[in-house]
2 protein chains.
Amino acid sequence: MPRRSVADALKTRESIVGRARDVASVDGLEGVTIGRLAGDLGMSKAGVIGHFGSKTELQLAALAAAGEIFTREVFGPGQALPAGRGRVLAICDAWVAHVTRPAFPGGCFFTAASFEFDGRPGPVHDEIRRGIRRWRRVLAREIGAAVEAGELDRALDPEQAAFELYAVVMGVNQEVQLFGDRRGGRERGRRAMRRVLGAA
Amino acid sequence: MPRRSVADALKTRESIVGRARDVASVDGLEGVTIGRLAGDLGMSKAGVIGHFGSKTELQLAALAAAGEIFTREVFGPGQALPAGRGRVLAICDAWVAHVTRPAFPGGCFFTAASFEFDGRPGPVHDEIRRGIRRWRRVLAREIGAAVEAGELDRALDPEQAAFELYAVVMGVNQEVQLFGDRRGGRERGRRAMRRVLGAA
DNA sequence: CCTACCGATCGGTAGG
DNA sequence: CCTACCGATCGGTAGG
């Protein structure tokens with residue numbers, strides 16, 4: 001019998017990814033250093049990096065983990081509602097709640113990652129870009145469905161509106177993270193989003 | 001006679017600050033390492049850091065230099081116009097032009113710095129926060145003046161509008177830097193800003 | 001999963 | 001403004 005089962009190894013791997021995701025949300029994906037994770041988790045550096053092979057692979061794993069949380073928390077709740085205005089507003093509210101929640105110390109993972117990696121080519125950059133583009137498309141599609149259903153102003157351009165909603169979230173993020181104003185961020189964000197959608 | 005005059009030393013200092021500002025706009029303020037600047041400028045590390053004493057002081061100098069450029073390029077042009085709607089729109093257009101200009105490889109310095117330092121306490125964080133807050137106040141004041149003059153909708157809340165304009169610029173920055181779409185960013189940005197101001 | 005190690009780079013200093 | 005150096009940390013590897 002091996003000293004560690006496959007299941008144990010997987011659990012260790014998940015604890016590393018979880019910690020990497022949390023560290024990255026505060027200090028950025030470059031703040032995820034192998035030595036720091038090892039110290040935080042009481043492991044050796046070799047034990048940490050052995051699960052991934054390279055720091056880049058570790059960053060990609062943290063990115064994927066953050067993406068799963070985002071999808072579940074922001075996109076998920078609206079799926080209980082039929083496509084249309086109600087679902088779009090549910091997504092917006094869940095999104096603002098996500099970036100203003102008290103237990104999310106570092107703010108929006110993808111927004112921070114976007115600014116951190118926008119000038120650095122490589123697989124992490126590409127994956128961030130892909131994730132954000134995918135989300136913008138989902139948003140535009142949901143907005144388009146609501147317009148089609150006659151539940152949002154027909155003059156609304158879904159892609160422009162998706163762009164503007166994402167911009168608002170970046171503003172909310174700054175309000176929370178830089179200025180420490182969670183309530184102000186939430187209120188300004190919700191107000192701005194409703195104005196974007198013409199749904200005040 | 002000293003080998004280097006005071007004027008020469010000042011010129012050297014300015015070349016260091018200029019390079020630091022450019023490096024930071026691409027790779028962030030933490031990308032400004034003493035060794036890298038020394039290599040870029042053909043100097044020794046001691047020669048670089050001697051002008052500032054610490055990396056933090058160098059970062060603050062780069063921040064101040066970026067602030068001067070921002071004020072000149074974004075706030076400056078509008079000052080030729082009387083306070084009011086025209087000046088607000090001039091500021092908005094200059095701002096979008098600033099973050100979408102081809103010769104600004106790293107995008108908006110302050111937006112990137114805001115995300116980079118929002119979780120790191122210290123003098124650099126404080127200075128970024130102060131600079132952004134000041135700009136938000138200037139924006140709100142200009143919008144307020146235009147509302148007072150009856151040139152913008154009286155229902156407009158100047159502080160909310162300033163928040164939203166800043167958010168739009170972050171979106172433009174992402175469009176340019178992450179997606180490489182300068183023209184799309186400019187068009188979406190100008191359109192969004194006019195909608196924020198109710199001045200389509 | 002560990003110990004022990006590699007070369008490179010970090011911010012910064014001593015001394016000139 | 002330089003050379004020469006400091007201790008710390010970086011990502012990563014060898015060998016077990």
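A note on names: the letters A, B, ... follow the listed sequences, proteins ahead of strands, and every chain is numbered from 1.
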Discussion item. Tell me whether B:Q59 contacts the main-chain N or O of B:L29 through its side chain, where contact means a donor paired with an acceptor under 3.5 Å.
Written reply: yes
Any ion pair linking [Y] and [X] (charged N to carboxylate O, less than 4.0 Å)?
X	Y	answer
A:E14	A:K11	no
A:R188	B:E159	yes
B:D93	B:R194	yes

Worksheet item: In terms of the angle between their ring planes, are B:H98 and B:F70 parallel, tilted or perpendicular, with boundaries placed at 30° and 60°?
Response: perpendicular
Worksheet, complete the sentence: Note: contacts of residues 113-125 of chain B with DNA chain C (heavy atom, under 4.0 Å) are none
Worksheet item: Taking only residues two or more places apart in sequence, or in another chain, which ones meet A:D118 in a side chain to side chain donor-acceptor pair (under 3.5 Å)?
Response: none
Response to the item:
Given Watson-Crick and G-U pairs under 3.5 Å, DNA chain C in dot-bracket ([ ] crossing, | other strand) is ||||||||||||||||
Item to complete: Using whole Å, report how far CG of B:L41 lies from P of D:dC2.
Response: 10 Å
Worksheet, complete the sentence: Rounded to whole Å, NZ of A:K11 lies from C1' of C:dC1 at a distance of 16 Å
Discussion item. I'd like to compare against my own output: the B/S/- annotation of nucleotides 4-16 of chain C with a strict under-4.0 Å heavy-atom distance to protein.
Written reply: ------SBBBB--
Fill in: Within residues 47-58 of chain A or reaching into it, pairs that qualify as side-chain hydrogen bond (donor to acceptor under 3.5 Å, both in side chains) - sequence neighbours excluded
A:E30-A:K55
Worksheet entry | A:C92 vs A:V168 side-chain heavy atoms within contact, under 4.5 Å | no
Worksheet, complete the sentence: The side-chain contact (heavy atoms from CB on, under 4.5 Å) partners of A:Q79 (sequence neighbours excluded) come to A:F75, A:R87, A:E142
Worksheet item: Is A:I143 reachable from A:L89 through a run of I, L, V, M, F, W or Y residues, each pair having side-chain heavy atoms under 4.5 Å apart?
Response: yes
